[in-house]
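First comes the structure, then the notes that go with it.
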Amino acid sequence: MADTPLIELREVRKVFVTGAIRYEVLKGISLAVERGDYIALMGPSGSGKSTLLNILGCLDAPTSGHYHLEAREIVSLSDTELARIRNQFFGFVFQSFNLMGRYSVEENVALPMVYRGLPRRERLQRARALLARVGLKDFNRHLPSELSGGMQQRVAIARALVNEPKVLFADEPTGNLDSKTGQEIISLFGELNAEGTTLVVVTHDPRVAEHTRRVLTLTDGAIVKDLRNGMAA
Amino acid sequence: MNPLEHLRIAMDALAANKVRSFLTMLGVIIGVASVIMLVAIGEGAKTYIRQELMGIGTNLLIIVPGKTETSGMGHMPSGVQKLTLADMRALEKRATLVTAMTPVVVSSAPVKLGNRLRNVQVIGTDQNFETVRNLHVEIGSFISKADVDASRRVAVIGRTVKKELFGESNPLGRTVKLGETKFRVIGIMETKGVTLGQDIDDHVFIPVETAQEIFDQDGLTNILTQVVNDNAIDRAKQQITQVLVERHAGEEDFTLVSQQAMLSTMQTILGTFTYVLGGIASISLLVGGIGIMNIMLVSVRERTREIGLRKAIGAAQRDILLQFIIESVVLSMVGGLIGIVFGAGVAYGAKAFFPAIPIDVSTWSVLTAFIFAFMVGAFFGIYPASKAARLNPIDALRYE
Ligand SMILES: Nc1ncnc2c1ncn2[C@@H]1O[C@H](COP(=O)(O)OP(=O)(O)O)[C@@H](O)[C@H]1O
Ligand SMILES: [Mg+2]
């Protein structure tokens, strides 16, 4: 099944209702995410990028439409099954790193494996390997607050990778970082993609987009541009 | 997911906020400690009362003048016909189920030796008192039948009286004054201490008719009777009632109190007392539970982002639910454990001050307190935990 896309969205709509106001944030998105791809989601603020990313990552459910993960419809799955999918198929990186302040760096990285049911010893072993991979092998026992922003984001990336996800989602991962550390994160993403990780990254930063294989531009909840390697897909 | 992982997560969260966790437990600690303490002391007091009451004799039936409605303690003679020695003589002949009886006249008087003086309880009684009342002379002899028949001026004194008046010297054969009357000391009672509020050691015993004479009384304070066995108590009551009613012109102007009835009245009063206090203490346990719920709600709010993150990386609603319920159960059970230790400590501490009372922390009260603490934690944890579990991960991650 190498030719079925990893993720396929068809006619996905998302409507938020706040009081009497009904706000259609996604207006029928159809999109396929291929294995090994590296996609940038761009567009003006409020265009629905985060909403789309959350739906792709099964953090949020579409109001209508279809979501196929490796050809399996997942819209009707239970909370427990969706949690398992988030745990084993996806990794998330957020703009604000969302590390647990009371846990050490290695424990933060190991956290997704807790919900996978791996024994503690194995979790910490894997966490340390991932920390080494993102260049933080000397900081295993530190608390997140002892690290710089760029280092914290790398801890978050290690955490997102620790269960060997099929897709890594990142929502403005460089938004809270200065341009130099942002650049380091971008090159880390490039390396990860070169090693085979599929990435979907929401960004405002044109430099991020330069490194991706595909750039999707959203405006008002619709995909208005889809460029592959700088050319129309 | 392994429940031990949930436990570890809960312990980490609680350890991250040690002072708050402890303060949250305080309600449960106090609640459990007071339940344990009150039940231990209450049960100890019940055992104590039973021992004391059983110590005053065996199968006792006490006849007091005056009619009371209840068969309990604390009756008021209503100025009717007195109970007399003649009544007792009649009972000795006709109440066949009574094996022994002794008259009692109680009064108080100053007892003097030279210039030493002590106010004491004076008991006028006869030779059967020792058997019926289970109190014995230690040195010398008790009042004899001959002493009673001849209304002799002889006295048997309690230990305290002896010590206060005679110090270390031998009182036997010496003369003391009860009021203005001289008595010869013929015996010293064994040490008994305080029984049911009466300091036996501070009593002086004299022949019953002598007592009636010097205190100018023709009635008796009561008659103590010993029934042949405890199955016969009701029938003995009937016999006694029949004899006395006949002698008192058809009036039932006396009351029969059995040792059993006194015991069960006391036990009921103490039992009620224990349960009321225990109930109040349980309310503080509930208040402790509400305190836990309150802090858990605050904690869920504070940790909204944590909950969102956990969901994003793979926690199901069930995992979040368990995490917070376990947290609340751990809070209340640790509180319960501390409370048990603390309550037991106070109870055994009280034992050091009241060595006579057999205070003991019973296994069932510890188990009950422990189970109660568990249930309080689980019950008051459910609402905050389900609130946490139902949080939408998107909203939770956005939460500032
Ligand atoms: N939970 C929500 N309830 C109501 N409106 C929402 C919610 N989430 C997002 N929106 C609205 O949907 C629109 C798109 O939001 P978002 O996907 O975050 O945009 P972007 O990430 O492109 O800036 C915004 O106008 C936002 O206010
Ligand atoms: Mg956004």
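The chains referred to below are lettered A, B, ... by the order of the sequence lines, with proteins before strands, and numbering in each begins at 1.
- When heavy atoms are compared at a cutoff of 4.5 Å, A:I55 does not approach chain B at all.
- Counting non-hydrogen atoms of neighbouring residues, nucleotides and ligands closer than 6.0 angstrom, the OH atom of A:Y67 exceeds 12 such neighbours.
- The heavy-atom pair separating A:T80 from B:A316 by the smallest distance is CA-CB, 4.0 Å.
- In this structure, CZ on B:R305 lies 9.0 Å from CZ on A:F94, to the nearest 0.5 angstrom.
- Proximity to chain A involves both the backbone and the side chain of B:A13, based on heavy atoms less than 4.5 angstrom apart.
- Across all non-hydrogen atoms, the minimal contact from B:N392 to A:L59 is OD1-O, 4.4 Å.
- The shortest side-chain heavy-atom distance between A:Y115 and B:R310 falls under the 4.5 Å cut-off.
- Residue-environment remark: CZ (B:F342) stays at or below the threshold of 12 foreign heavy atoms within 6.0 Å.
- Note: A:C58 SG to B:K311 NZ = 14.0 Å, rounded to the nearest 0.5 Å.
- With values rounded to the nearest 0.5 angstrom, A:S96 atom OG is found 8.0 Å from B:L397 atom CG.
- Surrounding CZ of B:R20 are more than 12 heavy atoms belonging to other residues, nucleotides or ligands, all under 6.0 Å away.
- More than 12 heavy atoms of other shown residues, nucleotides or ligands fall within 6.0 angstrom of atom NZ in B:K351.
- Interface remark: of the candidates A:L99, A:N98, A:D60, A:V114, A:N98 forms the most heavy-atom pairs closer than 4.5 Å to chain B.
- Counting heavy atoms from C-beta outward, A:R86 and B:I313 have side chains that stay 4.5 Å or more apart.
- The greatest number of non-hydrogen atom pairs below 4.5 Å with chain B, out of A:I85, A:L111, A:L82, is found for A:L111.
- Looking at B:L309 and A:F97, their side chains never come closer than 4.5 Å, going by heavy atoms from C-beta outward.
- With a 4.5 Å cut-off on non-hydrogen atoms, A:F90 does not touch chain B at all.
- At a 4.5 Å heavy-atom cutoff, A:R116 makes no contact with chain B through either its backbone or its side chain.
- A salt bridge links A:R102 with B:E306: the closest approach of a Lys/Arg side-chain nitrogen to an acidic carboxylate oxygen falls below 4.0 angstrom.
- Counting heavy-atom pairs closer than 4.5 Å to chain A, the top-ranked of the candidates B:A315, B:G308, B:A15 is B:A315.
- Counting heavy atoms of neighbouring residues, nucleotides and ligands inside a 6.0 Å radius, atom CZ of B:F273 does not exceed 12 of them.
- Within the 4.5 angstrom heavy-atom criterion, only side-chain atoms of B:E5, from C-beta onward, approach chain A.
- The number of heavy atoms from other shown groups lying within 6.0 Å of CZ (A:F16) is above 12.
- Contact of B:D319 with chain A is made through the side chain alone, with heavy-atom distances under 4.5 Å.
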